[in-house]
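Worksheet for the structure shown next.
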Amino acid sequence: MTDTRAKIIRHARVLDGSRRRADPADVLIVGDAIAELGPPGLAAPADAVVIDASHMLLHPGLINAHTHGHGNLSKGMGDRWTLELLLAAAPWTSGHRTLEDKYLSTYVGAIEMLLKGCTACYDLTVEFPLPTPEGLEACGRAYRDAGMRAVLAPMVAELSFFEAIPGLIDAMPEAVQADLARLRMAPVDATLGAMRRTLKDWAFDRDVIRPAIAPTIPHHCSDAFMRACAALARDHGAGLHTHVQESKPQVMVGLKRYGKTPTAHLQDLGLLGPDFTIGHGVWLDADDMRRLGDHGASVAHNPGSNMRLGSGLADVRGMLERKVNVGIGTDGAGSSDNLNMYEAMRLASLVSKAQGPDTDRWLTTGEVLSAATEGSARALGFGDRIGRIGPGCKADIVMLDLTCVNWLPFNDAVNQMVHTEDSAAVRSVMVGGRLVVEDRRVVGVDMAALARRCEESRARLEQATLPNRQLFERVETVVNTFCPGLARMPYHIDRFGGGHHGNEHAAWRRLPPFGD
Ligand SMILES: [Zn+2]
């Protein structure tokens, strides 16, 4: 994916987040990596391609620690949906996908992320009823064609959303129960076999597109299945990523099923480690955070989705205090409606500030920027090879136009990156030394043709998923009564002292029968 000639970027200002400076510097790129960073006039090979970056601010490509490639064809389909309503709607919003749809959905997301200054992502993608080598190949090809770096993790489960919440199916009318039966996931052996084949014959350069495994939500899986996923990931040097304690109903189901928090249970299963990332973690208590920090695990913080689905406001200061590695994500377009990492950074900052007047607990813009670059890089398993502009790092670089109104005037590089920039200033984007966005356009992409393909898919899927939409409309009220019932149970997180109060098991038994 790289031009063989060296490249030298001249006349730029280069963001150094840790020093909060953006001094004039030249950047020499050889192959897919940064060879040298130095003062203006840096020596370069005679045949090096010169890139003039006058009036530009260079920053390391932002890294989206949690998204869902399959969600990009369903942006804007929901409004007042909790996480549980979103999951109940999934057979409608993400169902009946052809191979072309899988490619297209992933590709559109990659294009959006590149145009908005993001050069790598952790994509938890889903195929129903099980992942296929062809489907994952289509998703990987989408990132390769777009020229973006990605970790591609098939989301897998044994139980459907409806089966995974104790009592939910029983609360449904009988006729609906029969229809829900056709949403069963594939048998575990078939799912594990498909993943094993995919990992063994991985079709992509792992430096660019890495595989991982994403057991969707722990209580959608048996312990044996979670352990098998972990073993498979370990055998193939792949990461594990799962949604943990995202919503309060997830904690309540975990307490009922495990007698402890899902994080405590995952620790008992031996799953926590440096290759382990949890999505969201809104409902982690202090002990959960300590467990994750002690094992070197990561949290992908998705503030936009957490607010859009009413999941809550995560305590990132608490995570950082307990040495959890924190990355920042947008979540899928189904729950955040865009994949704008500048917006995700701004929201991460504002969410920390919205939780109380103690400014020591607020995130600084420097901490937010570090999470969206170096923190996310670690969560993706790329270590320190991405997320920084420095010698030896991959040349994943965003060039912001400092004549854009967001930078008039230029007061503070880090504060303006996090609080002011919204992607309007993105001029050029380089991934692995190759310019994939030039002058605000994705190189080689005909947006009008892409729009036609998207509309064809949208129209076909609208017809194909109509029965699933109608099924959702029949279950919507039940889900929206049952699950908020779980969310209203007494459960209080003590974020400072650890542990939680309230008798959760008694609370579960006190859950009013459905319909009250
Ligand atoms: Zn997610």
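Numbering of ligands and ligand atoms starts at 1, following listing order.
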Using the benzene-type ring in the case of Trp, are the ring centres of Tyr342 and His59 under 6.0 Å apart?
yes
How about Asp331 and His280: does a side-chain donor come under 3.5 Å of a side-chain acceptor?
yes
I want to check a possible cation-pi pair here: Arg97 against Phe128, using under 6.0 Å from ring centre and within 45° of the ring axis as the test.
no
Looking only at the aromatic ring of each residue, does the gap between the centers of His66 and His243 stay below 6.0 angstrom?
yes
Checking distances from the Zn ion (ligand 1), one finds that the N, O or S atom of His66 closest to it is NE2
Between the Zn ion (ligand 1) and Asp331, which N, O or S atom of the residue is the nearest one?
OD1
Indicate if the distance from the Zn ion (ligand 1) to the nearest N, O or S atom of His243 falls below 2.8 Å.
yes
